[in-house]
4 protein chains.
Amino acid sequence: MIDTVADERRRGRPRSATAKRAILRAAFDLLVEHGLAATSMDAVAQRAGVSKATIYRWWPTKGLLALDALYDGWETSPRGPRETGSLRGDLLALVRPWVRLASAPGSRRLLAALIAEAQRHPGFAAAYRERFVEPRRAHGREVFARAVARDEIPAATDVEVALDLLYGPLYHRLLHGHAPLNDRFVRDVVQATLASVAAAR
Amino acid sequence: MIDTVADERRRGRPRSATAKRAILRAAFDLLVEHGLAATSMDAVAQRAGVSKATIYRWWPTKGLLALDALYDGWETSPRGPRETGSLRGDLLALVRPWVRLASAPGSRRLLAALIAEAQRHPGFAAAYRERFVEPRRAHGREVFARAVARDEIPAATDVEVALDLLYGPLYHRLLHGHAPLNDRFVRDVVQATLASVAAAR
Amino acid sequence: MIDTVADERRRGRPRSATAKRAILRAAFDLLVEHGLAATSMDAVAQRAGVSKATIYRWWPTKGLLALDALYDGWETSPRGPRETGSLRGDLLALVRPWVRLASAPGSRRLLAALIAEAQRHPGFAAAYRERFVEPRRAHGREVFARAVARDEIPAATDVEVALDLLYGPLYHRLLHGHAPLNDRFVRDVVQATLASVAAAR
Amino acid sequence: MIDTVADERRRGRPRSATAKRAILRAAFDLLVEHGLAATSMDAVAQRAGVSKATIYRWWPTKGLLALDALYDGWETSPRGPRETGSLRGDLLALVRPWVRLASAPGSRRLLAALIAEAQRHPGFAAAYRERFVEPRRAHGREVFARAVARDEIPAATDVEVALDLLYGPLYHRLLHGHAPLNDRFVRDVVQATLASVAAAR
DNA sequence: CGGTAATCGAGACGGTACGTCATGTCTTACA
DNA sequence: TGTAAGACATGACGTACCGTCTCGATTACCG
């Protein structure tokens with residue numbers, strides 16, 4: 001959404017909340033079913049029972065609409081994962097739900113398309129990171145911070161690198177599909193992350 | 001390429017090697033300069049001085065043409081990296097040239113586009129893995145095999161996982177751009193891979 | 001034309017009269033200059049300063065566009081020819097303008113192309129007859145009706161056959177070009193038509 | 001191929017005459033079935049079991065090939081119609097077989113296409129007239145000459161005009177399809193031609 | 001309570017790429 | 001040497017989508 005804030009008094013006809021919901025819902029359904037490239041703005045407009053101009057009034061680009069639609073459809077739990085008492089447990093709790101969501105064929109296709117879109121439009125890249133990357137990394141940072149507080153890992157741990165060691169391999173298998181992204185692999189990756197952090201001690 | 005083998009005597013007019021070279025070269029240049037989506041088949045045909053029908057005779061899809069063009073333009077050294085005597089050195093020698101190549105803005109954009117394309121067309125995905133993923137992983141397997149032979153790492157090391165621990169974080173920063181993909185990070189990732197392999201002992 | 005009537009309030013953006021005029025004009029010019037087969041839709045679009053999609057939105061086929069364009073460019077006088085007081089005079093007044101128009105090289109070529117098109121597409125054939133054949137035959141029927149009213153020819157005259165006796169030979173020379181379509185021939189044909197009608201008395 | 005067996009038996013001089021026959025036959029079948037525009041040279045070559053180059057060696061153009069193919073397939077009786085003793089009978093005998101042949105849907109379509117082609121290529125027009133128009137007109141001239149000899153019509157009769165009065169209306173209904181081309185109409189046209197010739201006495 | 005202003009639907013528009021197809025030419029291997 | 005196989009340049013075809021635009025019809029608030 002461009003501006004959810006409505007603190008300032010607007011003059012004309014207010015924005016139709018119905019239309020907005022219908023657009024996001026239609027876009028989400030079409031995106032999951034057909035992917036980004038195969039989802040046309042005309043199709044979104046038609047399915048939402050809305051004019052194309054209405055969509056373009058609020059979202060300047062198909063990519064940004066997709067971003068909002070997917071955020072709206074996916075991001076059900078803004079709060080971080082539950083605490084388990086150990087770094088290993090926290091990391092698994094952090095990563096497993098994401099793997100479950102991202103492994104569906106539709107999601108995988110979309111994730112790849114969003115990443116590709118981000119290479120082409122810097123503005124889109126920023127929005128993508130803000131919406132999809134940062135929240136999860138923020139949760140990850142908390143997890144590592146708790147581990148530091150518990151004195152489980154050194155305070156000097158480079159959390160940013162650790163997060164890449166954690167998420168990188170998962171994304172890798174997800175996008176390349178050269179090997180299965182199963183829970184075995186998830187545990188291996190978490191284990192490796194722990195090992196690397198411990199070795200840096 | 002459709003058929004590199006020409007041991008059998010073909011009947012009609014042979015394929016024009018000039019045209020093929022011109023097409024691959026034109027496609028490569030345009031791809032690097034404009035990216036996959038912004039490279040049109042018409043433009044490739046015109047720049048190659050070739051008819052569009054000729055392109056479509058040999059490459060059924062823009063994606064597969066791009067694959068061949070990039071393979072042709074990039075893959076200069078089919079042999080693996082030089083041996084350094086240590087796993088750490090070998091891994092750095094394996095990864096650094098790839099990082100250098102893939103970090104150029106054009107390459108990054110293209111890599112993302114290829115990955116996105118692969119989610120949509122299973123046939124393309126297979127070709128992509130065969131052309132771009134497997135060769136590098138094969139080199140990586142040799143590197144780890146040498147380390148085993150040197151008794152540097154356990155023989156039971158799961159090489160496939162190790163390769164994902166190595167390449168995954170690099171791809172991650174490359175595609176998401178949330179943090180720099182510099183040599184510092186490369187060394188960190190190699191170090192982490194070593195730590196994880198060592199810890200599994 | 002698709003919809004000449006516009007008395008009902010339409011919802012969306014109204015059709016651009018400018019674009020429509022430009023398309024018909026461009027098509028007409030190109031058709032007269034190059035003929036039907038050598039006139040491409042791309043060329044029409046470019047010359048009209050219009051997108052190809054706009055043309056295809058309103059005319060499903062090149063043939064139907066040609067029909068409208070030629071009707072628009074040629075059919076200047078919807079009213080019938082002037083009355084001369086005699087069947088002979090009326091027939092000459094009916095036929096001479098048509099011969100003058102149709103004898104130009106461009107027109108001849110186009111007429112033949114339209115007739116050929118009509119053999120292939122039944123829908124086109126109907127439109128062709130409605131636009132180009134029927135109006136002229138209607139005028140002819142009036143001419144013969146007046147002659148009957150003047151008691152110049154029998155009331156039982158088969159007007160449809162008479163019209164074919166009149167137009168048939170003219171079209172024949174026009175399309176086959178085996179002999180000149182001059183005013184001498186026009187007078188001969190009118191004379192023969194009169195003789196045949198009189199002999200049936 | 002007409003007969004591959006006999007063809008394989010002979011070694012040195014392959015089948016130039018065989019190929020020619022196969023080409024004409026294949027072209028004729030395809031033309032009658034699909035029309036001129038929908039018959040491609042590739043299709044003719046494939047059906048004839050012949051290379052495209054072989055076709056182009058003998059016929060410079062698709063139109064001229066069609067001309068020969070149709071002439072070969074249709075023109076079964078080069079001799080004129082039988083003599084009946086009266087001009088009326090001779091004209092009917094001249095015209096009825098042609099009407100029967102030309103009325104088939106395939107023929108009608110082709111005739112129109114040939115006429116259209118003739119407007120575009122002067123060389124084709126000449127060949128068309130020589131092959132298809134002149135022979136029939138020559139027969140017609142003989143018919144009228146016999147009538148003059150029998151003193152049935154004046155010696156000063158303009159035969160060229162008379163032939164147009166005869167064939168023109170028939171072609172007209174054939175190509176425009178605004179009214180049926182049945183035997184009733186044929187008799188009316190013959191009658192009208194006779195009346196016009198008699199009236200000129 | 002009427003004016004003002006922004007919204008919405010419908011959908012036409014310019015632009016551009018797609019992948020297909022046909023024509024007529026040209027190049028090789030074979031017989 | 002002619003023929004079959006078939007690659008080639010050229011260029012039109014009709015479809016699809018994008019993002020912009022022009023309407024007339026709705027809502028609100030504001031004076």
Side-chain angles (χ1 to χ4, degrees), chain A residues 9-16 18-20 37-43 45-46 48-62, chain B residues 9-16 18-20 37-45 48-62, chain C residues 9-16 18-20 37-46 48-58 60-62, chain D residues 1 7-8 10-16 18-19 37-43 45-46 48-57 59-62:
Chain A
R9 274 290 185 273
R10 312 296 307 283
R11 283 294 303 270
R13 171 178 179 174
R15 174 169 185 190
S16 156
T18 308
K20 176 177 161 183
T39 294
S40 74
M41 293 301 258
D42 288 81
Q46 182 169 1
V50 143
S51 133
K52 238 190 336 171
T54 301
I55 302 181
Y56 277 105
R57 185 187 317 278
W58 302 107
W59 291 277
T61 282
K62 183 162 76 163
Chain B
R9 276 287 186 275
R10 309 294 310 283
R11 280 297 303 270
R13 172 178 180 172
R15 176 172 185 187
S16 156
T18 308
K20 178 176 163 182
T39 295
S40 74
M41 294 300 259
D42 289 82
V44 174
V50 142
S51 133
K52 233 189 341 169
T54 300
I55 302 182
Y56 276 106
R57 186 192 313 281
W58 300 107
W59 293 276
T61 283
K62 183 161 75 163
Chain C
R9 276 286 184 279
R10 310 293 312 283
R11 283 296 304 268
R13 173 176 178 173
R15 177 170 183 189
S16 157
T18 307
K20 178 177 161 181
T39 295
S40 75
M41 294 300 258
D42 287 81
V44 173
Q46 182 170 358
V50 143
S51 132
K52 231 186 348 168
T54 301
I55 302 182
Y56 278 107
R57 187 190 317 279
W58 299 107
T61 283
K62 183 162 74 163
Chain D
M1 253 80 70
D7 204 46
E8 263 180 60
R10 292 177 301 169
R11 292 275 309 207
R13 271 295 181 269
R15 42 160 136 153
S16 71
T18 306
T39 295
S40 73
M41 294 300 259
D42 287 82
Q46 181 169 0
V50 143
S51 126
K52 246 197 320 179
T54 303
I55 302 182
Y56 278 105
R57 180 187 318 280
W59 293 275
T61 281
K62 182 165 77 160

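The sequence lines fix the lettering, A, B, ..., with proteins before strands; numbering per chain opens at 1. All figures in this text were calculated on a predicted structure; none of them were measured in a lab. Atom set for the values below is all heavy atoms of this structure, side chains included, hydrogens, waters and symmetry mates excluded.
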Not counting sequence neighbours, which residues clear side chain to side chain contact (heavy atoms under 4.5 Å, CB included) with C:Ala37? List them please.
D:Arg120

Below 4.0 Å: OP1/OP2 of F:dG2 and any side-chain N or O of D:Arg57:
no

Please enumerate all residues that pass salt bridge (charged side-chain N to carboxylate O under 4.0 Å, His left out) together with C:Lys52, with sequence neighbours excluded.
C:Asp42

Those residues that, when tested against D:Ala38, pass side chain to side chain contact (heavy atoms under 4.5 Å, CB included) (two or more places apart):
D:His34

Per-nucleotide protein contact along nucleotides 22-28 of chain E, 5' to 3', at a 4.0 Å heavy-atom cut-off (B base, S sugar-phosphate only, - neither), is SBBBBBB

So which atom in B:Ala19 and which in B:Ser16 form the shortest heavy-atom distance, rounded to 0.1 Å?
N-OG, 2.9 Å

Looking at D:Thr54, does any N or O in its side chain come under 4.0 Å of the phosphate oxygens OP1/OP2 on F:dG2?
no

When every non-hydrogen atom of A:Met41 is compared with those of A:Ile55, the smallest separation belongs to CE-CG2, 3.7 Å

With sequence neighbours left out, what residues match C:Thr54 under side chain to side chain contact (heavy atoms under 4.5 Å, CB included)?
C:Ile23, C:Val50, C:Ser51, C:Trp58

C:Lys20 NZ to E:dC13 C1', straight-line distance once rounded to whole Å:
16 Å

For F:dA7, does OP1 or OP2 lie under 4.0 Å from any side-chain N or O of B:Trp58?
no

Interatomic distance, D:Gln46 CD vs F:dA4 P [rounded to whole Å]
13 Å

